[in-house]
Amino acid sequence: MPRIWLMKSEPEVFSFEDLQAAANRTTMWEGVRNYQARNFMRDRMQKGDTVLFYHSNCKEPGIVGLAEISSTEAYPDPTQFDPESAYFDPKSDPANPRWLVVDVTFAKSVPPVALKAIKAHPELSAMKVAQRGMRLSVQPVEEEHLAIIQRDFWD
DNA sequence: GCCAACGTTGGC
DNA sequence: GCCAACGTTGGC
């Protein structure tokens with residue numbers, strides 16, 4: 001059963017437009033350094049899962065596009081071993097890598113759904129992303145919530 | 001740029 | 001194992 005995920009990215013670092021312009025319209029989702037987010041990628045994500053691509057820490061935060069998981073499973077994040085990378089983690093053991101990535105592929109451009117619209121929507125305000133203090137960068141999305149977004153924003 | 005909320009670290 | 005200090009996230 002395919003799942004739905006919301007994945008945050010700062011557009012100044014990597015935007016949905018960057019994904020669309022990437023080779024094979026695909027990127028390694030590097031830089032996740034949170035155990036809960038990693039565990040979702042490691043334990044729950046499957047190839048073909050839907051991704052709501054979310055822009056954070058920007059002028060108009062919100063869902064800006066659709067993507068999908070395109071790797072069959074999570075695999076070690078190479079940036080954790082690269083001293084030049086901002087994501088370098090000297091405590092990660094190459095024999096037992098601490099951090100993982102999945103591949104994410106562009107699926108479809110959609111009208112943006114602003115965070116403020118999610119918060120204002122009576123049927124969407126329960127979404128994790130709308131909860132205060134919620135900073136998990138990879139989070140599951142309920143099927144009903146995607147259905148409501150499609151019905152009210154994308155049809 | 002501010003700062004609340006949260007996760008991690010490390011002394012004890 | 002507790003918890004204060006610290007660093008980061010991310011909306012505003």
Side-chain angles (χ1 to χ4, degrees), chain A residues 3-22 27-45 49-69 71 73-142 144-146 148-150 152-154:
Chain A
R3 299 181 200 275
I4 304 154
W5 305 95
L6 183 146
M7 297 174 81
K8 298 180 185 174
S9 186
E10 301 189 19
E12 286 193 18
V13 178
F14 190 84
S15 70
F16 189 61
E17 292 70 28
D18 292 331
L19 179 63
Q20 190 166 9
T27 193
M28 268 189 337
W29 201 263
E30 63 189 32
V32 170
R33 295 293 181 268
N34 170 283
Y35 290 104
Q36 206 181 340
R38 180 205 65 184
N39 293 348
F40 280 137
M41 296 198 296
R42 184 187 63 193
D43 303 334
R44 311 285 294 280
M45 273 188 181
D49 284 359
T50 295
V51 175
L52 306 184
F53 197 111
Y54 180 93
H55 281 174
S56 66
N57 202 15
C58 57
K59 193 168 180 197
E60 189 73 78
I63 296 162
V64 294
L66 279 172
E68 68 173 53
I69 302 302
S71 55
E73 56 187 3
Y75 57 97
D77 183 343
T79 65
Q80 70 196 306
F81 303 122
D82 175 5
E84 303 299 308
S85 170
Y87 301 126
F88 178 58
D89 182 352
K91 292 192 236 169
S92 183
D93 174 5
N96 184 22
R98 181 180 294 196
W99 305 114
L100 304 173
V101 291
V102 292
D103 293 340
V104 174
T105 299
F106 172 91
K108 193 181 177 188
S109 290
V110 289
V113 182
L115 176 61
K116 63 186 179 195
I118 294 171
K119 287 182 168 174
H121 193 299
E123 293 176 274
L124 295 177
S125 56
M127 286 183 73
K128 280 196 171 52
V129 73
Q131 305 312 304
R132 100 185 284 251
M134 182 62 215
R135 16 179 256 192
L136 195 57
S137 66
V138 175
Q139 51 182 261
V141 172
E142 301 293 331
E144 312 86 273
H145 289 149
L146 177 57
I148 290 160
I149 290 169
Q150 282 169 332
D152 290 356
F153 295 92
W154 295 343

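Note that the coordinates shown come from a computational prediction; the quantities given were computed from them, not determined experimentally. Any value given below was found using the heavy atoms of this structure, including those in side chains, with hydrogens, waters and symmetry copies removed. In what follows, chains carry the letters A, B, and so on, assigned in the order in which the sequence lines appear, proteins first and then strands, with residues in each chain numbered from 1.
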What is the distance from [atom1] of [X] to [atom2] of [N], rounded to the nearest Å?
| X | N | atom1 | atom2 | value |
| --- | --- | --- | --- | --- |
| R38(A) | dG7(B) | CZ | C1' | 14 Å |
| Y87(A) | dT8(C) | OH | P | 13 Å |
| Y35(A) | dT9(C) | OH | P | 14 Å |
| R132(A) | dT9(C) | CZ | P | 19 Å |
| Y54(A) | dT9(C) | OH | P | 15 Å |
| D89(A) | dT8(C) | CG | P | 13 Å |
| M134(A) | dA4(B) | CE | P | 20 Å |
| E60(A) | dG10(C) | CD | C1' | 14 Å |

Would you please confirm or rule out a distance under 4.0 Å between OP1 or OP2 of dG10(C) and any side-chain N or O of K8(A)? yes
Think K59(A) has a side-chain N or O under 4.0 angstrom from the OP1 or OP2 of dG11(C)? no
Between [X] and [Y], does at least one N-O distance fall below 4.0 Å, as a salt bridge requires?
| X | Y | result |
| --- | --- | --- |
| E73(A) | R42(A) | no |
| R33(A) | D89(A) | no |
| D49(A) | R44(A) | no |

Using the closest heavy atom to pick a nucleotide of DNA chain B for each, name whichever of G133(A) or K91(A) lands nearer the 5' end. G133(A)
Listed by chain and number, what are the ring-ring contact (aromatic ring centres under 6.0 Å, His included) partners of F16(A), not counting sequence neighbours?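 Residues passing ring-ring contact (aromatic ring centres under 6.0 Å, His included) with F16(A): F53(A), F106(A).
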Assert yes or no for the condition that the ring centre distance of W99(A) to Y35(A) is strictly below 6.0 Å.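 Here the rings of Y35(A) and W99(A) have centres that are less than 6.0 Å from each other.
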Do the side chain of R33(A) and the base of dT8(C) come within less than 3.5 angstrom through a donor-acceptor pair of N or O atoms?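 For R33(A), whose side chain was compared with the base of dT8(C), there is no donor-acceptor pair (under 3.5 Å).
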So, does the side chain of R135(A) form a donor-acceptor pair with the base of dA5(B) at under 3.5 Å?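 Yes, the side chain and the base share a sub-3.5 Å donor-acceptor pair.
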By the 4.0 Å heavy-atom rule, please label K119(A) as base, sugar-phosphate, or nothing.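 Since only primed, P, OP1 and OP2 atoms lie under 4.0 Å of K119(A), the category is sugar-phosphate.
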